[in-house]
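Following: one structure in structure tokens, then a few remarks.
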Amino acid sequence: MTSAVQAYSYAGPSTLDGSRLDLSTSGGRALSGAPAHPRFFSGLITEAAPAAAGLLALADVAMARYHQPRPGFTRDPVVTCDGHRLRLESFSACGGVYARLDLSALDGDVIDRGTTNVDVNGPLREALARVGGRDPLHLGVGPDEMAVTTLDGAVVEKKVPLPSRWLRGFAEAQVISAGFDLRAELRGPMAVRFLRGLPRRASATVWVAPAGRDLRVTHQAAPGSVCLAGAGRLATLMPLLRFAKALRVYGPAAFDGPAASAWELELPGMRYTLALSPQPWRGFSGEGAVLDDLATDQAADDAEVVGMLLNFEPSVELGLLAERSGLPIARVRSALTQLGTSGRVGYDLHEASHFHRELPYDREQVAELNPRLTAARSLAESGAVRLDGAAATVTTGGGERRVDLAVGSCTCPWWFDHRGSRGPCKHVLAARIASRTALEPLPVAQG
């Protein structure tokens, strides 16, 4: 797995001094351009204690390696300001847990909209752990005016290896989440009781099914149930339970095997969401949910059109984007998936809509993030695909693979191992690419 070294440069460390919380920012993207240390917000967090606990939970996820735990590097959370809220996001070091804190309990001035990384260091964590009570807390996201005008101010720089699967995980998580439905909702004390009664082992996999106004835990899938793969991966919810107003559980319609799920805790003035991969040892990066959308020849061109329409709005509406771009809904969705591979799009389950962000990654790496798709295109371009109606034969170094285009099945070992649960194999992708190419009209000769 390839990785890149991402350097975070801060004008100073993030601090909590009395009632003033200053989150230092790294380079990022804003409506005003691409500043070195963008400033997004200055004002009050009206719910200080749950916000401090939520920030700590987010940082804990970034440090965690749930599968085969071992010491690792801290990844700084990503924060996006959309003018109405701050969205703070992180991925676990193992890539199997995605966390987001949507902070709306704000009373102050939005200075700009955009995305950056924020520094969460050891001393700040210790200070956040001491925040309590109902007193308001002043928050500044970005260096204050004195800091940005001081030429000799200290610069705190972190260099951390970021595996490419982290970026792939952002893309996969938003595509997978967009297919979830709300399966259950528990209010207050019932939510707390249910979460505290779950198995604590990180590897424990159970299913959760509605039972009247409650939820019951089973060890087998059933209609309407949600897979909780690795119950111990919900550990960062536990310190937040004293503030919990509700718990919402999201999952896919299928119930015949391990599946991803999302767990949203409603807190005063904010929401904390955890999305879990289908199994504790599986990261989101290998799920393959984005491959079909990325395999279309139009996706990259459409992404350029749709990308120009994104403006850090609180929510991205497919219908509105389709109207503004002149593209069908299906192509807008594929374009958003393409944008997601460079970290430009996320998905909010509570609002059932996409949102815009800009991650500070090298765009040239995006093509390398999906080797299955790269291999499929190579097979299609080399003439290795022979179409035969609704079937195809793909010739590879390992022999011929027979593909059923309608079902999306293949005779290769990958398909027999996963049966489509981790996206299409390279042979199915190659056959679909070749099939679309064969249906394209030939260019009209000029002259």
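Heavy atoms only: backbone and side chains are in, while hydrogens, waters and symmetry mates are out. Counting begins at 1 with the first residue of the sequence.
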*Count the heavy atoms of every other residue, nucleotide or ligand shown that sit under 6.0 Å from CG of Asp417, and state whether that count exceeds 12.*
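Correct, the count exceeds 12.
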
*Should the heavy atoms of other residues, nucleotides or ligands under 6.0 Å from CZ of Arg187 be counted, would the total exceed 12?*
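Enclosed.
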
[X] side chain vs [Y] backbone, donor-acceptor pair below 3.5 Å:
X	Y	result
Ser325	Leu321	yes
Thr25	Gly142	no
Ser435	Arg432	no
Ser177	Tyr347	no
Asp17	Arg20	no
Ser24	Ser14	no

Quick one: [atom1] on [X] to [atom2] on [Y], what's the gap to the nearest 0.5 Å?
X	Y	atom1	atom2	value
Leu318	Leu336	CG	CG	6.0 Å
Leu267	Ser104	CG	OG	11.0 Å
Trp281	Cys94	CH2	SG	12.5 Å
Leu55	Ser90	CG	OG	10.5 Å
Phe40	Thr116	CZ	OG1	6.0 Å
Leu228	Leu234	CG	CG	5.0 Å

*Can you see which heavy atom on Asp119 is nearest to which on Pro13, and at what distance?*
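For Asp119 versus Pro13, the nearest heavy atoms are OD2-CA, 3.5 Å.
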
*Could you give all pairs that pass the side-chain hydrogen bond (donor to acceptor under 3.5 Å, both in side chains) test and reach residues 48-57, with sequence neighbours left out?*
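Of all non-adjacent pairs touching residues 48-57, none passes side-chain hydrogen bond (donor to acceptor under 3.5 Å, both in side chains).
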
*May I have all residue pairs that pass side-chain hydrogen bond (donor to acceptor under 3.5 Å, both in side chains) and include part of residues 42-63, sequence neighbours excluded?*
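Sorted pair list: Asp60-Arg125.
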
Who are the side-chain hydrogen bond (donor to acceptor under 3.5 Å, both in side chains) partners of [X], not counting sequence neighbours?
X	answer
Arg216	none
Trp415	none
Arg357	Glu89

*Apply the side-chain contact (heavy atoms from CB on, under 4.5 Å) test between Ser261 and each candidate in Val226, Val249, Ile176; give the one that qualifies.*
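By the side-chain contact (heavy atoms from CB on, under 4.5 Å) criterion, Ser261 pairs with just one of Val226, Val249, Ile176: Val226.
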
*When Leu139 is tested against each of Asp22, Leu16, Leu44, Leu23 for side-chain contact (heavy atoms from CB on, under 4.5 Å), which residue passes?*
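By the side-chain contact (heavy atoms from CB on, under 4.5 Å) criterion, Leu139 pairs with just one of Asp22, Leu16, Leu44, Leu23: Leu23.
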
Under a plain distance cut-off of 3.5 Å, with no hydrogens placed, do [Y] and [X] share a side-chain donor-acceptor pair?
X	Y	value
Thr236	Tyr272	yes
Arg248	Tyr250	no
Ser277	Arg233	yes

Please identify each residue that fulfils side-chain contact (heavy atoms from CB on, under 4.5 Å) with [X], with sequence neighbours left out.
X	answer
Ala376	Lys426, Leu429, Ala430, Ile433
Asp214	Leu186, Met190, Arg193
Ala173	Phe91, Phe284
Glu351	Arg85, Arg87, Arg271, Ser315, Asp348, Ser353

*Does anything in residues 308-332 pair up under ring pair (Phe, Tyr, Trp, His ring centres under 6.0 Å), and if so which pairs, sequence neighbours excluded?*
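For residues 308-332: Phe312-His356.
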
*Step by step, work out the side-chain hydrogen bond (donor to acceptor under 3.5 Å, both in side chains) result for Asp76 and Tyr10.*
CA-CA 11 Å; Asp76 288 343; Tyr10 299 102; 2.6 Å; yes

_Basic-acidic side-chain contact under 4.0 Å: Arg113, Asp82_ =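 So Arg113 does not pair with Asp82 through a salt bridge.
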
*Would you say Ile45 and Leu103 make side-chain contact, with heavy atoms under 4.5 Å?*
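Yes. Closest side-chain heavy atoms under 4.5 Å.
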
*Check salt bridge (charged side-chain N to carboxylate O under 4.0 Å, His left out) between Glu313 and all other residues, then give those that pass, not counting sequence neighbours.*
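Listed in chain order: nothing, the list is empty.
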
*Could you walk me through whether Asp112 and Ser32 pass side-chain hydrogen bond (donor to acceptor under 3.5 Å, both in side chains), step by step?*
CA-CA 7 Å; Asp112 206 344; Ser32 57; 2.4 Å; yes

*Contacts of Phe41 that satisfy ring pair (Phe, Tyr, Trp, His ring centres under 6.0 Å) - sequence neighbours left out*: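 Residues passing ring pair (Phe, Tyr, Trp, His ring centres under 6.0 Å) with Phe41: none at all.
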
